[in-house]
2 protein chains.
Amino acid sequence: MPYRAPVEDFAFLFDHVVGLDAVRQTERFEDASEDVTRAILEEAGKMTNDVLAPLQRAGDQTPAKLENGVVRTSPGFADGFKAVAEGGWIGMSADPEYGGMGLPMTLTTAVNEMMSGACLSLQLAPLMSQGQIEALEHHASDAIKELYLPKLISGEWTGTMNLTEPQAGSDVGALASKAEDNGDGTYAISGQKVYITWGDNDFGGNVCHLVLARLPSAPAGTKGISLFLVPKYLPNEDGSLGNANTLNVVSLEHKLGIHGSPTCVMQYDKATGWLVGAEQGGMAAMFTMMNNARLGVGGQGIGIAEAAYQHALAYALDRKQGKTSRPDGTGTIVDHADVRRMLMTMKAETFAARAIALCCAKAIDMTNATGQAEWKARAAFLTPIAKAFGTDTGMAVAEMGVQVHGGMGFIEETGAAQYSRDVRVTAIYEGTNGIQAMDLVARKMMDGGEAANRLLDEIEADAEAARETFPNMADALWQASETLREATDWLTEQSNMDTRFAGAVPYLRAFARVLGAHLHLKAALADKGGAREKLARFYILRLLPEHVGLLAHAQAGEADLFALSADELAA
Amino acid sequence: MPYRAPVEDFAFLFDHVVGLDAVRQTERFEDASEDVTRAILEEAGKMTNDVLAPLQRAGDQTPAKLENGVVRTSPGFADGFKAVAEGGWIGMSADPEYGGMGLPMTLTTAVNEMMSGACLSLQLAPLMSQGQIEALEHHASDAIKELYLPKLISGEWTGTMNLTEPQAGSDVGALASKAEDNGDGTYAISGQKVYITWGDNDFGGNVCHLVLARLPSAPAGTKGISLFLVPKYLPNEDGSLGNANTLNVVSLEHKLGIHGSPTCVMQYDKATGWLVGAEQGGMAAMFTMMNNARLGVGGQGIGIAEAAYQHALAYALDRKQGKTSRPDGTGTIVDHADVRRMLMTMKAETFAARAIALCCAKAIDMTNATGQAEWKARAAFLTPIAKAFGTDTGMAVAEMGVQVHGGMGFIEETGAAQYSRDVRVTAIYEGTNGIQAMDLVARKMMDGGEAANRLLDEIEADAEAARETFPNMADALWQASETLREATDWLTEQSNMDTRFAGAVPYLRAFARVLGAHLHLKAALADKGGAREKLARFYILRLLPEHVGLLAHAQAGEADLFALSADELAA
């Protein structure tokens with residue numbers, strides 16, 4: 001599919017909405033000047049447009065397959081991965097000591113989104129490596145770092161995450177894989193893992209698995225989990241590939257979408273592994289990987305939204321059907337008000353989701369650069385919103401993309417349906433969007449709503465300041481923020497967790513609506529009279545009002561959810 | 001997939017919500033007693049559960065295929081169709097003079113929904129025949145009726161609708177197929193038609209195509225269209241199959257879903273056809289078929305919603321994952337508040353959509369039985385809402401069904417994804433949901449909002465009467481109805497059609513919200529303290545508030561939709 005990386009949008013967001021300047025002014029990221037970020041966006045855009053986008057349909061039509069225990073990847077994927085690796089895009093934010101570029105996550109988030117939009121199935125491979133790199137940087141021994149990080153960062157080797165087991169999905173603490181101490185600094189890992197993204201490949205290097213398992217002495221639940229690095233080939237001391245480890249790919253899943261991404265069932269039979277982090281410190285290490293991955297998955301949703309929008313717009317600008325009274329019409333279906341409503345919604349939602357994800361990434365950068373608790377709390381608060389809203393947006397926009405195509409949208413050759421199939425999983429993996437929302441109203445509100453209220457303070461201050469320029473938009477935003485603040489206060493007062501959980505998803509969606517409106521307003525202020533002001537107007541006056549219904553839902557309590565018995569549910 | 005037809009729900013809706021008694025009291029439908037309708041529901045339910053449901057997965061996994069120009073249907077489909085035919089389910093509402101049962105459309109709508117839930121791909125075959133039967137009853141000559149109707153009603157032969165051409169989809173008036181008078185009472189039909197559902201089959205009988213085409217003298221646009229009956233085999237006088245007609249299936253589409261339903265590209269090369277209705281009266285005849293089919297397609301969405309809900313509930317009641325604090329918990333994920341939120345939403349939405357569809361069907365029955373203009377206007381007003389809301393509900397519920405399954409939802413073997421793939425087309429065919437909404441705010445409001453306001457009067461009267469029993473629910477409904485009335489008045493005052501069209505989809509959705517709340521309230525009144533009251537409470541207090549955001553959107557005008565140029569949309 002043709003795909004054009006939204007380079008201008010990122011550059012605008014960096015400079016006028018997200019405020020990347022604050023990141024650039026830190027010592028850590030002082031090299032990420034406007035010129036450098038611009039050059040990187042353009043270089044990445046070229047790669048995604050020219051190298052990755054042409055692979056998107058091939059991954060769908062010629063899925064990865066398992067042959068004699070080895071994964072054969074889709075046509076062109078090995079070369080595509082090589083291009084990603086050689087461009088340095090895997091280790092953009094990784095430690096320069098091990099070959100990374102040490103760039104801000106804000107920039108990595110932008111590039112990851114572009115890669116997702118161009119070819120989601122393939123982008124999952126570098127994304128998994130990035131998560132592993134970050135986990136090893138934070139938790140692995142120096143020996144492991146020195147051996148593995150340069151090869152993961154260069155793309156010579158790849159990384160995976162092995163959490164899920166058939167009985168342990170959202171409840172990762174229920175996992176049963178075992179680790180036994182071999183007494184020589186290694187461990188023997190045994191067990192079955194499912195849903196292992198890119199669990200194997202034929203790119204030629206090692207496949208390094210980070211595996212959660214339980215030591216014999218470990219307590220039940222998440223507290224008893226340790227993390228192990230278990231490579232497909234045992235590396236020799238010089239880093240060359242040695243003997244094959246005792247692990248294998250049992251089967252690949254037959255999925256709704258992302259056919260180019262091999263989703264493996266993995267079997268470990270006393271496979272040799274090395275401990276990463278402390279014994280029974282697996283969850284802490286895992287969370288490093290997961291927070292990174294959650295923002296990354298949010299970006300996948302946004303990437304697909306961008307691609308689906310471009311695809312639908314191209315169709316709408318070409319397809320002639322029916323007459324309209326538009327004096328300045330193009331003569332195509334883009335002249336129809338309802339087609340416009342869909343396209344404007346797609347564009348405005350994508351912009352909002354992208355801006356939110358970048359704000360989250362900026363908070364991560366500021367945390368890393370300054371160590372300030374407020375930035376850390378901001379990053380933690382925005383992560384579930386960025387993940388859930390990014391992926392909800394991906395689904396909704398891809399769905400609208402199908403609808404814009406009419407009957408053609410249902411025909412696979414058109415390609416519109418692939419976006420909706422591919423993006424579907426993003427609302428599920430790395431913690432379902434329901435789990436994200438529960439995280440938001442529980443863990444992320446253990447501060448009594450402080451992080452939330454600090455955000456709302458900023459939003460209202462900006463709304464106040466914008467009243468003179470854009471009175472309607474500013475007032476709508478201010479009012480919505482106040483309504484959201486009341487709901488936030490109400491939620492934080494609920495000590496019954498089910499009461500919070502009952503409203504979690506609508507609350508998260510309402511928060512995203514208000515954040516999106518805030519960031520659209522900032523964009524409008526930077527582009528008075530321009531296209532971004534018009535888009536903001538659409539978002540704030542048409543989509544923001546949804547917060548009313550969502551917040552009523554969020555505060556309805558849990559009693560009615562549990563009013564029906566299991567029998568009554570089934571009646 | 002296991003499927004259990006919701007017989008009790010239909011019986012309850014007939015008696016306590018929709019008011020089927022009014023239909024039974026007409027002379028035309030006096031035989032449709034409570035006992036008879038109950039027996040029919042149960043008999044149909046048995047057939048859908050035992051015969052059709054087991055075919056649902058086979059249709060997906062072994063799609064219909066084209067072999068040497070003939071469609072080979074999915075395994076078991078021929079026997080499934082035979083069971084539908086032999087049960088008399090095709091001609092339930094057809095004229096008894098030709099072998100039909102003459103039953104109310106309300107009952108047919110219920111049975112069609114059950115068949116859709118059990119096996120959507122197969123149900124499309126009888127649905128197409130039903131549309132053809134109705135068109136022939138109203139518009140065909142006696143000779144055609146006598147030859148074709150008994151065989152279509154018995155299922156010996158099947159019927160199709162041929163409207164769309166590559167350049168003429170939503171804009172049917174752009175079609176180019178030609179008809180030439182042969183001078184012997186027949187016409188020669190030439191042209192290509194696309195998206196022809198069940199355009200061929202291997203069930204053994206004739207396949208009768210109703211084809212829209214243009215006579216040489218015809219004016220451009222919809223006014224110049226005539227309707228022809230073009231059978232696959234030219235029937236002999238005794239009704240036996242004669243020579244093959246000069247038409248053929250060029251190819252089958254490769255679709256996102258309903259793989260068991262062959263979607264054909266048809267080629268007509270001077271094929272012999274017979275005029276149905278007047279020359280250039282094709283659109284009137286077509287509308288007969290389409291209105292029927294629109295309600296039927298709404299029912300398809302509801303059927304899939306029911307099936308997806310049952311499927312997800314069964315999974316939720318079985319899957320153990322995580323702990324909750326529910327004292328009366330089942331120990332499965334159904335104890336989680338957010339899973340409950342999804343399941344309750346699925347159940348409440350399905351009930352609302354079903355009730356709306358049955359109200360529409362009742363209005364058709366009352367029109368047919370009494371000829372009263374008010375019932376006719378009611379049916380016309382409710383048809384686009386029943387279609388769009390029924391199919392939107394099908395999509396949303398199937399999507400939530402995938403989400404309830406977590407990672408398993410993305411794996412095709414689970415079956416959850418099939419519902420979302422299959423149902424996707426229902427929001428597109430028989431007029432996209434955008435077209436339905438445009439129909440609602442334009443044609444269906446040419447009465448200055450009279451039909452809408454009459455409905456709102458009834459709703460508010462019922463809300464008033466319920467104030468004592470259910471003060472919160474009654475007040476919420478009354479308030480919502482008033483807000484909707486204001487929006488209705490505003491829309492009917494707009495002479496610029498684009499202003500109406502810009503708000504069409506959100507307006508339709510808001511209307512469905514209010515109608516759904518009304519019908520839930522009626523159900524609650526008939527089941528005080530019971531499960532239906534609890535479900536109504538969920539719907540009215542959690543979902544109804546969405547109308548606020550939707551109606552703000554509906555009244556935002558068209559200017560901002562067209563504010564961006566084509567270049568700005570693409571920037």
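Order of the sequence lines sets the chain letters (A, B, ...), proteins ahead of strands, with each chain counted from 1.
Ionic pairing of B:Glu558 and A:Arg340 is not present here: no N-O contact between side-chain nitrogen and carboxylate oxygen is shorter than 4.0 angstrom. At a threshold of 4.0 Å, the pair B:Asp498-A:Arg326 counts as salt-bridged, since one of the basic side-chain nitrogens sits closer than that to a carboxylate oxygen.
A distance of 10.0 Å separates OG in A:Ser420 from CE in B:Met395, rounded to the nearest 0.5 Å. One finds the CD1 atom of A:Ile435 at 8.5 Å from the CG atom of B:Asp338 (value rounded to the nearest 0.5 Å). One distance of note links CD1 of B:Ile333 with OG of A:Ser170; it measures 8.0 Å at 0.5 Å rounding.
With a 4.5 Å cut-off on non-hydrogen atoms, A:Phe562 touches chain B through its backbone and its side chain both. Proximity to chain B (any heavy atom under 4.5 Å) is shown, for A:Ala502, by both the backbone and the side chain. In this structure, no portion of A:Val194 lies under 4.5 Å from any heavy atom of chain B. Only the side chain of A:Lys347 comes within contact range of chain B, with at least one heavy atom under 4.5 Å from a heavy atom of that chain. Neither the backbone nor the side chain of A:Met497 comes within less than 4.5 Å of any heavy atom of chain B. For A:Asp9, no part lies under 4.5 angstrom from a heavy atom of chain B. Residue A:Ala504 does not touch chain B at all, counting heavy-atom pairs closer than 4.5 Å.
Looking at B:Arg424 and A:Gln403, their side chains come closer than 4.5 Å, going by heavy atoms from C-beta outward. Looking only at side-chain heavy atoms (C-beta outward), B:Glu568 and A:Leu535 stay at 4.5 Å or farther from each other.
With hydrogens and angles disregarded, no donor-acceptor distance shorter than 3.5 Å links the side chain of A:Glu8 to the backbone of B:Ala571. The closest donor-acceptor contact from the side chain of A:Asp171 to the backbone of B:Gly322 lies under 3.5 Å. Without hydrogens or angle criteria, A:Gln321 side chain to B:Gly169 main chain gives a donor-acceptor distance under 3.5 Å. When atom types are taken as modelled, the side chain of B:Tyr429 and the backbone of A:Gly406 share no donor-acceptor pair closer than 3.5 angstrom.
Ranked by heavy-atom pairs under 4.5 Å with chain B, the first of A:Met342, A:Arg421, A:His336, A:His405 is A:Arg421. When each of A:Val505, A:Thr324, A:Val548 is scored by its heavy-atom pairs under 4.5 Å with chain B, the top score falls to A:Val505. The residue among A:His254, A:Arg4, A:Glu546, A:Lys534 with the most heavy atom pairs within less than 4.5 Å of chain B is A:His254. Contact count against chain B (heavy-atom pairs under 4.5 Å) is highest for A:Ala168 among A:Ala168, A:Gly409, A:Ala316. No other option in A:Ala563, A:Ala566, A:Pro6 has as many heavy-atom pairs under 4.5 Å with chain B as A:Ala563. The most heavy-atom pairs under 4.5 Å with chain B, out of A:Ala174, A:Ala570, A:Ala552, come from A:Ala570.
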(message) For A:Thr426 and B:Phe410: C-alpha separation, side-chain torsions, deciding distance, then whether side-chain contact (heavy atoms from CB on, under 4.5 Å) applies.
(response) CA-CA 10 Å; A:Thr426 64; B:Phe410 198 64; over 6 Å; no
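Contact record, B:Phe501 with A:Ala337: CB-CB, 3.8 Å, taken as the closest heavy-atom pair. The two residues A:Met344 and B:Leu564 make their nearest non-hydrogen contact at SD-CD1, 3.7 Å. Between B:Leu561 and A:Phe538, the closest heavy-atom pair is CD2-CE1, 3.4 Å. The shortest heavy-atom contact between A:Gly407 and B:Ile428 is N-CG2, 3.4 Å.
Inspection of the A:Gln167 and B:Arg319 side chains reveals no N or O donor paired with an N or O acceptor under 3.5 Å.
With respect to B:Asp560, the salt bridge (charged side-chain N to carboxylate O under 4.0 Å, His left out) criterion is satisfied by exactly one of A:Arg537, A:Arg341, A:Arg542: A:Arg542.
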